[in-house]
Amino acid sequence: MIALNAIVTNVFSISIHERTDKLWTLSSLPGNESIDFEAPQFELNGELTKCRLLSVMSIYNPQEIAEGITEYQFEGTVETNALLKLRLIFRIAERSPVIRFRYELHSSVPQWMTKRAEQEQLVYTKVSLDQMPVAKEVRFSEFIEMVHSFCLSELPLAENDFNNKRKVMGPLIAASGTTSSFLLAYEHGSQVPDAFLQFELEEHRGVSLHAVKGNYLRDQILDLNNPFCTVWLQTAMVEGNEEQLAKEYRLFALRDFSLNTESRKPYIFYNTWNMQERSKHWHKGKFLDPMRQDRILDEIDAAHEMGIEVFVIDAGWFEKTGDWQVNRERFPDGLGAVKKRLDCYGMKLGLWFEPTSAALSSRMLERYKSSRMSRDGVLTPPRPVWETEDSCYMCLVSEYWEGFAEELIRVIGETGAAYLKWDWIAQYGCSDPNHWHGNESHSEEERSNRYAFLLGSYMSKVVDRVCEVCPEVIVDFDVTEGNRYVGLGFLSSGKYFLINNGPYYHNYDLPLDLNGGNGNIFFYPGQARGWITRTPLNLDKWLPSVLFLTHYYPDDLPAGNRLTSLASLMLGHNGIWGELTRVSSEGRAFIRLWLERYKQVRDSITISAPIVTGVVGGSPEIYEKINANNGEGIVSLFASSIGSYSYVTHHQVHKNYVASPGVRLTYTSEGHALIEFTVTEPGAGIVLFGVR
């Protein structure tokens, strides 16, 4: 057995092995603890092939693909099949212990990827956790019906789970030993329990990652022009416990996961959709009644008074889907006046899109007619899109993806938009045999699963193409409903729009409000809405909350709503919506004052892992996000019961601070803050440290 010392950094080394099932080893430095990664296994021409390698060598000089991020590639011949070469690709961020890696399988002559008994036989890798007695499955894509949102779930893995060979979806497995902790994850997205990949636990604490469905097609060709590329995988080993591992992973997700770095910045967003909802449900009009130039300009003025930085115009700014031309009846100069007003205030423009829709009369549909979605051989029927022309569903896993990307680049060039909100992209939808996810030789189910598997990668292809031309653009994928591509996959390119209104009446087995016609329970300002919107903040342990945009109401009433909204928003969700022009001038000034204070320390808040005391809706419910390096950050305090509460910060804090009414603070001799908080009605308090 020969080992190639492939990569050495300040915190780990990677060695690649020849002539053994052990393909490569990750070793921590300076502790020198290690994890071995077994070679991937494929089924080719009906035979299982374990990719033990011969003659491994570097095929390119390391390439810096972004500042501080380097890509390394190695290749070797497969021992049992000289026609095959396996390429190992590693992306290393010099400041992070988290590694992204994937494999490419090449063949010098045509071979076929087969499925024994119609089951996918791809095993991505296998590791042993025998030196790490504590392990858990970490889920980011479990849709919790109680809050109608994706939330974090951490599920411990017992010894019996390994002995009985349980299967778990992840997408992340975390494990800890005496001195170090380890993770293995995959970049894909789907809603638990609908697995496309899954971990299989084995005796002696083995963990292998298997393909389940959609990873490849039966008899998919493999040759020089058609290599097989795996999804990106992730791993890390750090000195310390799981808490330290989560902190390092969180920093990786914030700083080094995506090359589209604008999506990681903590801007303050406003979105018009709730104003449009109120037009429909409160004022008995239409969703698009407020979608006119004079009203939008007034809202922009109000947004500026509040300190908002990105103004997003939701559904209705366009004439029709597909072509995405500005509606000249509603905006006579094509958003020119809107952009001029935003530029005057130093604000960015955002626009809403349905990527998989094209109106019946659109040029896009005419050009990409063959890319219409179909199921069971029948084209999916057109349907209205928010009081605009009926539209057809389009398949992104086809040539249409490039047309949509070019259309977005055109819109950005013409309007100056810097933020794109993508809505209504379901995980499933197309089984057409003429697209890029199967043909007539594959079953309806196989084509449908392959579409669902590939959808996220094509979404990322669109985002990456757009950001290559327009690097200042942020793309936000709306996952406010279930059955969407949620996980780690899309975070390599953009971020998520997490919650709009939360649950509906039917989530709670309550009758629909037939008179009002609005099915949302938490459609109104108040303390209860915050209980819903803060619940997914548990994701912030592993994935920074800045990646999960959630909107809060600025309304003057009910009492306490505004401070609760701000105390929640500043934890990283960073969104406001509602009817801004109906907020009093005093209310706007209050919001601006606190947002300007927040902006002084938001980078420290964003980078800081949360420390949470209490439970959502309890008394007290406290969040501490303090940068340990400079003491800057926030403590947000919530209470549902009238009374007095106290809290001592875990971190030392900056001496300069501002606090909301009812909050008193003294410093301990060790530099921590002792906070006392009194509420005379349910509400919130804020302390910002480091504000000048």
Side-chain angles (χ1 to χ4, degrees), residues 60-73 87 89-94 96 100-102 104 187-189 227 229-232 234 252-265 267 310 312 322-324 339 348-356 364 367-368 371 394-423 425 436 454-478 485 488-497 546-547 549:
Y60 299 114
N61 290 326
Q63 302 289 316
E64 187 174 53
I65 60 171
E67 185 177 357
I69 301 177
T70 303
E71 182 170 285
Y72 301 81
Q73 296 195 22
R87 186 170 298 178
I89 302 170
F90 298 94
R91 285 194 176 175
I92 309 295
E94 61 186 27
S96 175
R100 298 179 74 204
F101 68 99
R102 66 181 174 92
E104 291 182 4
E187 296 180 18
H188 196 259
C229 301
T230 71
V231 297
W232 283 99
Q234 301 172 356
F252 158 78
L254 181 65
R255 304 183 305 189
D256 303 309
F257 189 177
S258 176
L259 304 183
N260 305 326
T261 54
E262 278 293 300
S263 66
R264 270 52 181 171
K265 295 180 180 178
Y267 295 114
V310 183
V312 184
D323 293 346
W324 301 107
K339 186 63 167 61
K348 298 175 182 290
L349 171 64
L351 297 174
W352 177 95
F353 292 86
E354 265 193 22
T356 55
M364 186 69 81
R367 180 180 175 187
Y368 293 103
S371 293
M394 307 297 290
C395 175
L396 277 173
V397 189
S398 71
E399 61 179 350
Y400 168 74
W401 85 266
E402 292 185 283
F404 179 61
E406 293 307 311
E407 181 67 7
L408 291 180
I409 292 169
R410 180 196 65 77
V411 172
I412 292 165
E414 291 184 3
T415 66
Y419 168 98
L420 314 178
K421 178 194 171 187
W422 287 7
D423 199 1
I425 308 176
W436 297 350
L454 289 174
L455 173 64
S457 64
Y458 277 84
M459 290 167 61
S460 286
K461 284 164 75 79
V462 174
V463 178
D464 294 342
R465 172 74 64 85
V466 169
C467 289
E468 184 179 0
V469 179
C470 313
E472 75 286 354
V473 167
I474 299 167
V475 179
D476 203 339
F477 172 32
D478 187 318
Y485 177 85
L488 295 176
F490 189 73
L491 292 180
S492 68
S493 300
K495 55 184 291 196
Y496 290 125
F497 183 107
V546 73
L547 300 180
L549 178 62

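Bear in mind that the values here come from a model prediction, so they are computed numbers and not experimental data.
When the shell of 6.0 Å around CZ of Arg87 is examined, it contains more than 12 heavy atoms from other residues, nucleotides or ligands. By the 6.0 Å contact criterion, CD on Glu67 is open, its count of non-hydrogen atoms from other residues, nucleotides or ligands being 12 or less.
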Next item on the list: Apply side chain to side chain contact (heavy atoms under 4.5 Å, CB included) to Leu420 and Val463, showing your working.
Entry: CA-CA 10 Å; Leu420 314 178; Val463 178; over 6 Å; no
Next item on the list: Please assess Tyr458 against Trp436 for the test side chain to side chain contact (heavy atoms under 4.5 Å, CB included), listing each intermediate value before the final yes or no.
Entry: CA-CA 11 Å; Tyr458 277 84; Trp436 297 350; 3.5 Å; yes
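To the nearest 0.5 angstrom, Trp422 atom CH2 is 13.0 Å from Glu354 atom CD. For the atom pair CD of Glu187 and OG1 of Thr230, the computed distance is 10.0 Å after rounding to the nearest 0.5 Å. If you take CG on Leu488 and CZ on Arg100, they are separated by 10.0 Å, rounding to the nearest 0.5 Å. Rounding to the nearest 0.5 Å gives a distance of 9.5 Å between CH2 of Trp324 and CG of Leu351. Here the CZ-CD distance, from Arg102 to Gln73, works out to 7.5 Å after rounding to the nearest 0.5 Å. The distance from atom CZ of Phe101 to atom CD of Gln234, rounded to the nearest 0.5 Å, is 9.0 Å.
The minimum heavy-atom distance linking Cys467 with Val473 is given by the pair SG-O, 3.5 Å. When all heavy atoms are compared, the tightest approach of Lys339 to Thr415 is CD-O, 3.5 Å. Considering every non-hydrogen atom in both Leu547 and Ser263, the closest pair reads CD2-O, 4.0 Å. For the pair Trp232 and Glu71, the tightest heavy-atom approach, listed with the atom from each and the gap, is CH2-OE1, 4.3 Å. Listed here is the closest heavy atom pair of Leu491 and Arg264: O-NH2, 2.6 Å. In this structure, Ser258 and Ser492 approach most closely via the heavy-atom pair OG-O, 2.9 Å.
Under a 4.0 Å N-O distance rule, the pair Glu402/Lys461 does not qualify as a salt bridge. The pair Glu472-Lys348 fails the salt-bridge criterion, with no side-chain N (NZ, NE, NH1 or NH2) lying under 4.0 Å from an Asp/Glu carboxylate O.
Not a single donor-acceptor pair under 3.5 Å links the side chain of Glu94 to the backbone N or O of Ile92. Remark: side-chain polar atoms of Lys495 are paired, donor with acceptor, to backbone N or O of Val546 under 3.5 angstrom. Between the side chain of Ser96 and the backbone N or O of Ala93 there is no donor-acceptor pair closer than 3.5 Å. Between the Arg465 side chain and the Ile409 main chain, no donor and acceptor come within less than 3.5 Å of each other. Side-chain atoms of Asp476 come within 3.5 Å of backbone N or O of Phe497 as a donor-acceptor pair.
In this structure the side chain of Tyr419 never reaches within 4.5 angstrom of the side chain of Glu262, judged on heavy atoms. Residues Tyr485 and His188 form a side-chain contact, since some pair of their non-hydrogen atoms from C-beta on lies under 4.5 Å apart. Contact of the Ile425 side chain with the Phe490 side chain is not registered, since no non-hydrogen atoms from C-beta on lie closer than 4.5 Å.
Ser493 and Asn260 form no side-chain donor-acceptor contact under 3.5 Å, judged by distance and modelled atom types alone.
Ring pair Phe477/Tyr496 is tilted by interplanar angle, where 30° to 60° counts as tilted.
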